[in-house]
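Working notes for the structure below.
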Amino acid sequence: MADLTYRQAVGRGIAQEMARDPRVYFIGEDIAAAGGVFKTTEGLHERFGPDRVRDTPISEEAITGAVMGAAMNGLRPIAEIMFSDFFATCWDIVANQIAKARYMTDGQITLPLVIRSANGGGARFGAQHSQAMENWAMAVPGLKVVAPSNPRDVIGLLAASVRADDPVIFLEQKSLYASKQDVPEGEIVDELGKATLAREGSDVTVVALAAMVPRAVEAAEILAGRGVDVEVIDLRSLVPLDMTTVLRSVAKTSRLVTVEENPRLCGWGAEVTSIVTEEAFYDLDAPTLRITTPHIPLPSADTLEDLAMPSSATIVTQIQRVANG
Amino acid sequence: MTSATDSSAIGLPVPTERLLELYRMMLDARLFEEKAHKLFFEGLVKGTSHLALGQEAVAAGFAAAMRPDDLTFCTYRGHTHTLLRGADMAALMAELLGRATGCCGGKGGSMHLTDVAVGAMGSYAIVGAHLPIATGAAWAAQARGSGQVVVVFFGDGATNIGAFHEALNFAAVWKLPVVFVCENNLYMEYTPIGSVTAVPNPAADRAATYGLDGIIIDGNDVEAVYAAAVEALAHARSGDGPLLIEAKTYRHGGHSRADPGTYRPDEEVKAWLDRDPIPAFRSRLEAEGVESATLAEIEAASSAAVDAATEDARNAPFPDPATLETQVWADGGSRWRT
Ligand SMILES: Cc1ncc(C[n+]2csc(CCOP(=O)(O)OP(=O)(O)O)c2C)c(N)n1
Ligand SMILES: [Mg+2]
């Protein structure tokens with residue numbers, strides 16, 4: 001075991017896959033010689049050479065188009081989009097091209113590619129560098145959407161994403177980059193579409209993703225002191241969506257709360273909640289509850305941003321409403 | 001399909017056999033699309049179709065010069081480009097008719113004809129989007145040392161979208177084996193390209209920006225296109241980086257569907273119809289001593305091939321409803337949850 005940051009885990013995950021498979025290439029802005037603007041990819045350029053780890057121009061359509069075309073012609077490429085907000089500049093390639101190529105050609109085209117990006121708020125960067133855009137990606141048929149909450153999962157889920165034969169949008173929550181964990185040495189590979197229990201409990205099911213997972217766990221620890229036993233599910237991927245784990249937990253707790261970082265409308269929690277009400281309505285003993293960022297662009301000032309994003313304190317208050325209901 | 005792989009062919013006279021092949025290719029494309037147009041009016045081709053009638057020389061000249069493992073990317077106006085790489089004509093016709101035997105099982109339609117097995121890597125319906133994708137395929141060719149060249153066809157209108165500029169710079173700075181072919185047919189949908197573009201030659205005049213030569217060719221002269229293609233492919237294959245070629249051409253009909261194209265001046269249409277690449281090439285072949293009987297044979301064969309493909313497509317079954325939710329993922333299905 002070694003203490004590893006979420007940031008270092010990204011580099012270790014990419015290296016693990018590049019060392020294993022010569023078809024894995026990695027491109028993006030400032031990712032090679034500079035090691036990435038978040039310093040997630042330091043050392044890869046030196047280790048794997050300038051052909052396999054390559055800087056690109058600031059051309060998001062060219063970057064995403066390049067990994068698509070390369071995946072059509074024998075590579076298993078990884079691209080970095082520096083901030084997930086920038087997906088808006090290449091959403092045509094991602095949503096119209098990458099997501100649809102296989103279906104439109106009835107399976108002639110296979111796209112084993114990963115597009116990684118720094119997603120979400122908490123860094124005081126303002127509305128154009130802080131969005132949690134996982135629900136944009138989730139809304140497009142043909143994209144897998146992965147968002148790890150801890151360093152170990154960064155490696156395991158990145159490996160699963162690189163090995164998947166489908167396009168994966170891999171969202172790293174940028175406020176987690178400095179977070180640390182003891183991570184075992186050696187290869188780590190997970191499976192996409194498997195949620196984990198970040199905390200076991202019996203009174204309320206709380207479903208969370210990425211940065212909302214540690215906050216939900218923190219809230220659960222506080223509530224434990226108040227006699228409420230919260231189960232926290234780390235979804236880990238939105239597509240595939242592990243409803244088996246969610247439904248099993250709700251059957252036990254009879255209460256559902258989702259904690260989303262994305263703005264309110266059409267967030268993933270709405271989908272999870274609607275499935276639970278359709279399929280497990282009679283398991284529920286209280287109204288379901290969604291905790292989200294308000295439906296606003298994210299502000300920059302630290303006090304305002306903290307107010308906007310679900311905090312462990314908000315999560316505590318909200319869960320208590322459901323637990324007592 | 002035949003292909004020229006030998007760059008030593010540059011500058012040498014094109015053998016008659018190859019010329020006849022070019023003639024056959026253009027005819028196949030012409031007759032296929034004329035039939036598709038007819039079937040559109042019969043209500044058999046649903047949705048839309050964008051014909052390249054009059055532009056056949058560009059697709060034919062390049063396809064004839066490409067290696068079987070080279071890759072083609074084209075637009076929604078791509079029946080011809082896909083067919084001439086060697087895609088099965090009946091499967092293309094069936095795709096236009098929304099049948100199960102279509103090259104994409106009916107999921108693609110006219111604007112998305114694809115046959116990966118022959119290197120026809122797709123027809124793309126968002127203007128300009130396929131330029132970065134073709135660039136990526138060329139990056140993989142470079143990385144794997146496969147020796148493939150990628151040829152990407154697009155319209156004059158595509159030169160004003162960002163993806164064109166991103167792709168050209170990217171391909172140039174990485175020296176990728178890709179040939180960008182702009183088919184300048186003077187119009188976007190209904191608006192002349194000249195009225196919305198800062199330079200007279202929308203592709204060629206931008207080439208210098210990316211350190212490339214501005215190459216203009218006569219897109220209605222199939223021999224000229226073929227010669228340019230042989231040279232361009234050799235250049236790209238040798239590792240010298242991308243090329244940008246602007247082929248001047250004209251579509252005989254409207255932009256799509258039933259558009260009669262009446263926004264175009266009569267004299268302009270007439271001048272270009274007089275330069276129809278097919279009769280012009282036929283006369284040249286005759287002048288070079290090809291027997292009319294030989295040409296008539298090719299014509300009869302093309303016509304019979306199109307009739308057979310049409311018959312096949314008309315009689316093909318509609319897609320099995322069970323295919324509706326297949327092939328979203330590589331496992332063949334579309335499941336998004338457990
Ligand atoms: C990004 C985008 N904008 C607009 C359209 C609608 N549209 C389809 S074809 C077309 C004209 C394209 O003209 P050009 O590139 O010259 O190609 P041509 O149709 O002449 O072959 C337009 C505007 C589109 N498909 N994609
Ligand atoms: Mg045009």
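Within every chain, numbering begins at 1; the chains are lettered A, B, ... in the order of the sequence lines, protein sequences first and strands thereafter.
Relative orientation of the B:His130 and B:Tyr124 rings is parallel, given thresholds of 30° and 60° on the angle between their planes.
Taking 4.5 Å as the heavy-atom cut-off, the residues of residues 71-83 of chain A that approach chain B are A:Met72, A:Asn73, A:Gly74, A:Leu75, A:Pro77, ordered by number.
Ranked by heavy-atom pairs under 4.5 Å with chain A, the first of B:Val328, B:Val150, B:Thr135 is B:Val328. Contacts with chain A were tallied for B:Trp329, B:Trp336, B:Phe73; B:Trp329 has the most, counting heavy-atom pairs under 4.5 Å. Comparing A:Arg52, A:Arg102, A:Gln97 by how many heavy-atom pairs each has under 4.5 Å with chain B, the most go to A:Arg102. Per-residue counts of heavy-atom pairs under 4.5 Å with chain A were compared for B:Gly108, B:Ala143, B:Ala138; the largest is that of B:Ala143.
In this structure, chain B has a heavy atom under 4.5 Å from the side chain of A:Leu247, while its backbone stays farther away. Contacts between A:Leu113 and chain B at a heavy-atom distance below 4.5 Å are absent for every atom of the residue. The part of A:Asp92 that comes within reach of chain B is its side chain, from C-beta onward, which places non-hydrogen atoms under 4.5 angstrom from that chain. For a residue to count as touching a neighbouring chain, one of its non-hydrogen atoms must lie under 4.5 Å from one of that chain's; by this rule A:Lys100 does not touch chain B. In this structure, the portions of A:Gln108 lying under 4.5 Å from any heavy atom of chain B include both its backbone and its side chain. With a 4.5 Å cut-off on non-hydrogen atoms, A:Ile27 touches chain B through its side chain but not through its backbone.
Checked for salt-bridge contact, A:Arg163 and A:Glu17 meet the test: a charged N lies under 4.0 Å from a carboxylate O.
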